[in-house]
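Notes for the one structure printed next.
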Amino acid sequence: MNLMKEDIDETKPEDIAYVYSGYAPLSVRLAHAALQGGQAWKSAEEATKSLPGPSFDERLTSSTGPGAGSRKTSIVFILGGATFTEIAALRWIAKKEGKDILVCTTKMVNGDTLLETLVEKFSTGFLASEGRK
């Protein structure tokens with residue numbers, strides 16, 4: 001999936017890896033491959049077979065009605081939370097590809113929310129195990 005990329009020019013990005021100074025989030029690489037379709041998606045689909053759980057790919061097209069012939073809109077669902085950097089990478093792809101991308105996620109994650117979740121889980125688990133002694 002080419003998650004690492006060297007020689008990134010952050011002032012003139014040519015790849016989504018610019019968002020993490022050379023690392024491209026897997027979620028965004030998969031979304032980009034799905035948007036491109038064809039061989040790009042076949043390669044990504046092969047990589048997703050090693051992930052646990054079921055998967056599916058559904059594409060809806062409309063050639064008539066309102067909006068026919070206008071810009072394509074894709075919906076990307078990210079379960080478990082997305083970072084602002086992943087959103088930035090998806091926005092960059094949308095601009096580059098001339099498409100609209102609607103991102104739906106269960107939570108926006110940043111450094112603070114990540115640490116808060118970890119502290120909460122640790123303290124809850126720690127206190128529960130202390131009560132059993």
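Count residues from 1 along the sequence.
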Would you confirm whether [X], through its side chain, and [Y], through its main-chain N or O, come within 3.5 Å as a donor-acceptor pair?
X	Y	value
Lys5	Ile16	no
Thr106	Gly80	yes
Thr105	Ile78	yes

Practice item. For the pair Asp100 and Lys95, find out whether any cationic side-chain nitrogen is under 4.0 Å from an anionic carboxylate oxygen. Key: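 No, this pair does not count.
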
Side-chain contact, heavy-atom cut-off 4.5 Å: [X] with [Y]?
X	Y	result
Val76	Val28	no
Thr73	Lys99	no
Val109	Glu86	no
Val103	Ile101	yes

**Study point:** Nearest heavy atoms of Leu90 and Ala31, plus distance in Å
**Key:**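 Looking at all heavy atoms of both residues, the shortest contact is CD2-CB, 3.9 Å.
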
Exercise for review: Heavy atoms only: give me the nearest Glu97-Gln36 pair and the separation to one decimal.
Suggested key: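 It is OE2-NE2, 4.1 Å.
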
Check your understanding: Who pairs with Thr113 by side-chain hydrogen bond (donor to acceptor under 3.5 Å, both in side chains), at least two apart in sequence or on another chain?
Key ->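 Thr113 satisfies side-chain hydrogen bond (donor to acceptor under 3.5 Å, both in side chains) with Asn110 once adjacent residues are dropped.
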
Which atom pairs, donor and acceptor, lie under 3.5 Å between side-chain atoms of residues 17-26 and protein residues at least two apart or in another chain?
from  : atom 1 : to    : atom 2 : distance (Å)
Tyr20 : OH     : Thr83 : OG1    : 3.4
Ser21 : OG     : Glu10 : OE2    : 2.5

Review point. For Ile75, which fellow cluster members are found when Ile, Leu, Val, Met, Phe, Trp and Tyr are connected by side-chain heavy-atom distances below 4.5 angstrom, either directly or through intermediates?
Key: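 Other cluster members: Phe77, Leu102.
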
Review point. Does Asp9 CG have over 12 foreign heavy atoms under 6.0 Å away?
Key: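 Result for CG/Asp9: enclosed.
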
Exercise for review: Supply the atom-to-atom distance Glu14 CD to Lys12 NZ, rounded to the nearest 0.5 angstrom.
Suggested key: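 Atom-to-atom, Glu14:CD and Lys12:NZ are 9.0 Å apart.
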
